[in-house]
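Before any comments, here is the structure.
Residue numbers begin at 1 in each chain, while the letters A, B, ... track the order of the sequences. What's counted below: heavy atoms across the whole structure, side chains too, no hydrogens, waters or symmetry copies.
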Amino acid sequence: MRSSQLVFRTRREVPQDAEAASHQLLVRGGYIRRLASGVYSFLPLGYLLLERISAIVSEEFRNAEGNQVLLPALHPTEIWAATGRLAKMADVLFRVESKAGSFVLGPTHEEAVIEAIAPDLASYRDLPAMVYQLQTKFRDEPRARFGLMRTREFIMADGYTFDADQEGMRIAYMKVYRAYQRMFERLGLLAVPVEADAGSIGGDVNHEFMVASAIGEDHFAECANCGYRANIEAAVAGEFSVAEVPEIDGVTVYSTPGAPGVEIAIRALKEQGALVDDSAMLKCMVAVDDRGEPAILLIPGERTLKVPGGYTLAGEEIFGEGSIFCKGYVGPVGMRERGVKILADPSIRARAWWATGNNVDGEHVVGVRIDRDFSVDDYRNLIVVEEGDPCPRCSAQLHLVRAVEVGHTFQLGLTYSSVLPHASFVDPEGARQPYWMGCYGVGVTRLPAVIAEQFIGEGATAVAWPVEVAPFEVAVVAAGRSAQAADAAERLYQELLARGLRVLLEDRGLSFGNAMGDLELIGPPFVVIAGAKVAAEGVVEVRDRLLGTVEQVALGSCGDRVEELRKAAVPIRR
RNA sequence: CGGGAAGUGGCGCAGCUUGGUAGCGCACCUGCUUUGGGAGCAGGGGGUCGCGGGUUCAAAUCCCGCCUUCCCGACCA
């Protein structure tokens, strides 16, 4: 393509509403333009980039035997009501009321794909099967973020597998899992699969593919020793070593009026001469289960609570008049006898005694021991892991990494097929059986931002895209005004095109500085410059922007050399 | 939804404290000179100052209400 034909304009100034480096680069380079918060247009250059990324994603889904489809964005409300997700995902659903009826703009397509495909998968002979699409999703996000990183309208590649049994589902899952690893490598991303929480999609086994990045909205825990990796939501800590604590024998009650909360209570207890250390407080949170039964959740006072599945934290009303729970002074002692279930994080065993609320306003107790003063009904993982916590597999120290989720794979099992009767097939005995399903997502329009973060230069004024995703693999530019340079550039452009490369000829007659400034934003990994030495010595300059190397090459061998460099280029950096 | 910041030609900003008919840089248009790292000179076009109301002889500027955008948090595939 000739730059004079490309509709785009770069800008020098940093856009006022762009904080993230990738966002600045994409706006300055003229890849995208914001229409509303979390709603972006892809301009011609941005579309070329997106087209490349989409092609790679699509190819890898096909390598996993996916059949491409295109499902509607407009879903009749009924199909969402049928799975209960109309209510469950109400917060993110865009709703449309029209004379044609009531619709939801699809945020994901489990329901829609079953409606579309189930009639063609009526027999066990039709299984296994996989379909996928690249399609626009709509989610009414509470907050859009970092340009393309989190938007309200975005393209996702979503795949769905249908199998006759669990074993088949697992095989399909592994096939996609491996396709994802190839896909992200081609995209220039070091994506690591981590164990994750299934969220509102549902199902059992699932992995998130995470890329360490400054624009990450998530963290995952990683063990350098054994390779354990899990999203912070799903990560669990191993066994903590037992803490050294002061010798205390009995239980002592202290009067601590006006001291709710861990830190104030510790201070109040110290003032009274209690032998408490800063880690002595047991945090006791009141939660209710799905049936509305109350429970107490116990964690070390310095830790953050992770509310377990099936429970929600109790609201203020639980502390009302006549309640057995005393706000700010809740403790486990005697609660079981009053019919309150006690759940505890295993880490509370790593200490001989605790200080805790005495279930009386203005009173704490010190020296409370598990099994002597109270019993735990159930040990569950209730704490959010922190840097340095022991690994659950090998007890080495966990490390937290800020990261972006670029893909997510789920073994759904029978989650959807059990509630949608037509999501089923007839087995060899003639009996109707539900599909064993898997679903797989890749955040396609997020990828330009994530890739840019990895390949961007200082000050967000330059990028060198990985060869497979680059809108142009190589750019040709003439330096100076000589006719020889312009001729050489034109001939090289034709030659590189003929070799099947994606080539940009800079033909706008810009000064050299302007031309190079723009090229740095357009991001070709290779640039060929035809300057004064073409006429004098018959050589051009070839730059490898990924490696940062520059070489002088004879005009006649330039095409060969560029192709060599192109083939030798490795997608992943760092 | 809570906290913070900001809305002035296409983009980035000044002007607001102390009301008096809107300015700078970039970009754009014309001409000439330039062209191996973001050129120079001369001339030119373009703005409901986010929206609505109020105060005033007079509002970008003061007052009230609303909207939008970005950042942190909550939430999230």
Side-chain angles (χ1 to χ4, degrees), chain A residues 8-20 23-24 27-28 30 33-39 85 88-93 106-110 137-147 149-152 154-159 196-203 206-210 215-218 231-233 304 307 313 404-410 412 439-446 459 461-462 477-482 485-486 489 506 508-521 527-536 539-541 543 550 552:
Chain A
F8 85 119
R9 169 163 293 146
T10 58
R11 44 212 81 239
R12 285 185 203 177
E13 270 129 359
V14 179
Q16 173 251 309
D17 60 358
E19 190 92 347
H23 189 191
Q24 292 181 7
V27 172
R28 292 172 77 162
R33 180 164 291 129
R34 192 179 63 75
L35 181 62
S37 179
V39 182
R85 292 209 296 181
K88 194 177 176 190
M89 293 185 72
D91 282 356
V92 300
L93 294 179
T108 175
H109 282 64
E110 285 78 14
K137 310 291 183 216
F138 297 86
R139 296 190 187 174
D140 195 356
E141 291 292 341
R143 184 180 160 203
R145 232 195 277 255
F146 300 141
M149 185 53 214
R150 178 163 296 271
T151 54
R152 299 199 164 87
F154 61 99
I155 295 173
M156 180 190 253
D158 46 328
D197 189 71
S200 58
I201 297 291
N206 75 98
H207 291 87
E208 284 179 346
F209 286 74
M210 308 282 272
I215 56 170
E217 301 177 297
D218 278 308
N231 185 290
I232 188 106
E233 303 289 327
T304 304
V307 181
L313 272 187
V404 174
E405 178 189 356
V406 289
H408 206 153
T409 54
F410 301 84
L412 295 174
C439 81
Y440 315 90
V442 175
V444 174
T445 39
R446 167 182 287 189
T461 56
V477 57
R481 286 248 128 168
S482 75
E506 178 48 70
R508 291 174 295 174
L510 299 179
S511 70
F512 186 68
N514 281 312
M516 291 307 290
D518 276 4
L519 284 180
E520 274 153 20
L521 288 165
V527 177
V528 178
I529 301 163
K533 287 188 180 167
V534 170
V539 298
V540 294
E541 180 177 313
R543 296 189 186 181
V550 179
Q552 305 294 322

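- The nucleotide B:rU48 finds no pairing partner, because no Watson-Crick or G-U wobble arrangement with both distances shorter than 3.5 Å includes it.
- Nearest heavy-atom pair across A:F8 and A:D518 is CZ-OD2, 4.3 Å.
- Taking atom C1' on both B:rG40 and B:rA58, the two are 43 Å apart, rounded to the nearest angstrom.
- Side-chain atoms of A:R150 never come within 3.5 Å of backbone atoms of A:A144 as a donor-acceptor pair (strictly under, hydrogens ignored).
- Within 4.0 Å of A:F146, counting heavy atoms only, lie sugar-phosphate atoms of the nucleic acid but no base atom.
- One P atom belongs to B:rA42, the other to B:rG10, and the distance between them is 26 Å to the nearest Å.
- Judged by distance alone, with hydrogens and angles left aside, the side-chain atoms of A:R543 form no donor-acceptor pair with the main-chain N or O of A:V550 at under 3.5 Å.
- Rounded to an integer number of Å, the gap from CE of A:M149 to C1' of B:rC71 is 16 Å.
- Judged by distance alone, with hydrogens and angles left aside, the side-chain atoms of A:R446 form no donor-acceptor pair with the main-chain N or O of A:V406 at under 3.5 Å.
- Listed for the A:R34 side chain is no donor-acceptor partner under 3.5 Å among the backbone atoms of A:V39.
- Remark on RNA chain B: of its neighbouring residues A:D91 and A:A36, the 5'-side contact belongs to A:A36, judged by nearest-heavy-atom nucleotide.
- The same atom, C1', is picked in B:rC11 and in B:rA77; the two are 35 Å apart, to the nearest Å.
- Within the nucleic acid shown, A:Q16 comes within 4.0 Å of sugar-phosphate atoms alone, with no base atom in reach, counting heavy atoms only.
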(request) Using a 4.0 Å heavy-atom cut-off, write out nucleotides 34-39 of chain B from 5' to 3' as B (base contacted by protein), S (sugar-phosphate only) or - (no contact). (result) -BBBBS
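- Side-chain N or O atoms of A:R139 include none that pairs as donor or acceptor with a backbone N or O of A:V92 at under 3.5 Å.
- Partners of A:A462 under the side-chain contact (heavy atoms from CB on, under 4.5 Å) rule, at least two apart in sequence or in another chain, are A:E520, A:R545.
- Between the CD atom of A:E141 and the P atom of B:rG73 there is a distance of 15 Å, rounded to whole Å.
- B:rA14: no Watson-Crick or G-U partner with both key distances under 3.5 Å is found in any strand.
- Residue contacts shown for A:R9 are limited to sugar-phosphate atoms, with no base heavy atom under 4.0 Å away.
- When every heavy atom of A:H23 is checked against every heavy atom of A:E19, the shortest pair comes out as ND1-N, 4.3 Å.
- Nucleotide B:rG2 forms a Watson-Crick or G-U wobble pair with B:rC72, both donor-acceptor distances falling under 3.5 Å.
- With both ends at atom P, the span from B:rG44 to B:rC57 equals 39 Å, rounded to whole Å.
- Distance check on atom P: B:rG15 versus B:rG53 gives 28 Å, rounded to whole Å.
- Taking the P atoms as reference points, B:rA27 lies 24 Å from B:rG7, given to the whole Å.
- Across the C1' atoms, B:rA22 and B:rG9 are found 11 Å apart, a figure rounded to whole Å.
- B:rU55 makes up no base pair with any nucleotide shown, lacking Watson-Crick or G-U wobble contacts both under 3.5 Å.
- Rounded to whole Å, atom P of B:rC75 lies 10 Å from atom CG of A:L313.
- Between A:V14 and A:R28 the shortest side-chain heavy-atom distance falls below 4.5 Å.
- Between A:I232 atom CD1 and B:rC75 atom C1' there is a gap of 16 Å when expressed in whole angstrom units.
- Going from the P atom of B:rU68 to that of B:rC51 covers 15 Å, rounded to whole Å.
- Nucleotide B:rU21 has no partner under the Watson-Crick or G-U criteria, as no pair reaches both atom distances under 3.5 Å.
- Along RNA chain B, the nucleotide closest to A:R150 and the one closest to A:R11 are compared, and the more 5′ of them pairs with A:R11.
- The interatomic distance linking A:R508 (CZ) with B:rA27 (P) rounds to 13 Å, in whole Å.
- Here A:V92 lies out of heavy-atom contact (under 4.0 Å) with every strand.
- When the side-chain nitrogen and oxygen atoms of A:R143 are compared with OP1 and OP2 of B:rC72, one or more of them lie within a distance under 4.0 Å.
- B:rG43 and B:rC29 make up a base pair, with Watson-Crick or G-U wobble contacts both under 3.5 Å.
- For A:L35 and B:rU68, the CG to P distance is 14 Å, given to the nearest whole Å.
- Figure legend. B:rG36 is base-paired to no nucleotide; pairs are counted as Watson-Crick or G-U wobble with both atom distances under 3.5 Å.
- Rounded to whole Å, atom P of B:rU68 lies 12 Å from atom CZ of A:R34.
- Across the protein-nucleic acid pair, A:K88 atom NZ and B:rC75 atom C1' stand 15 Å apart, rounded to whole Å.
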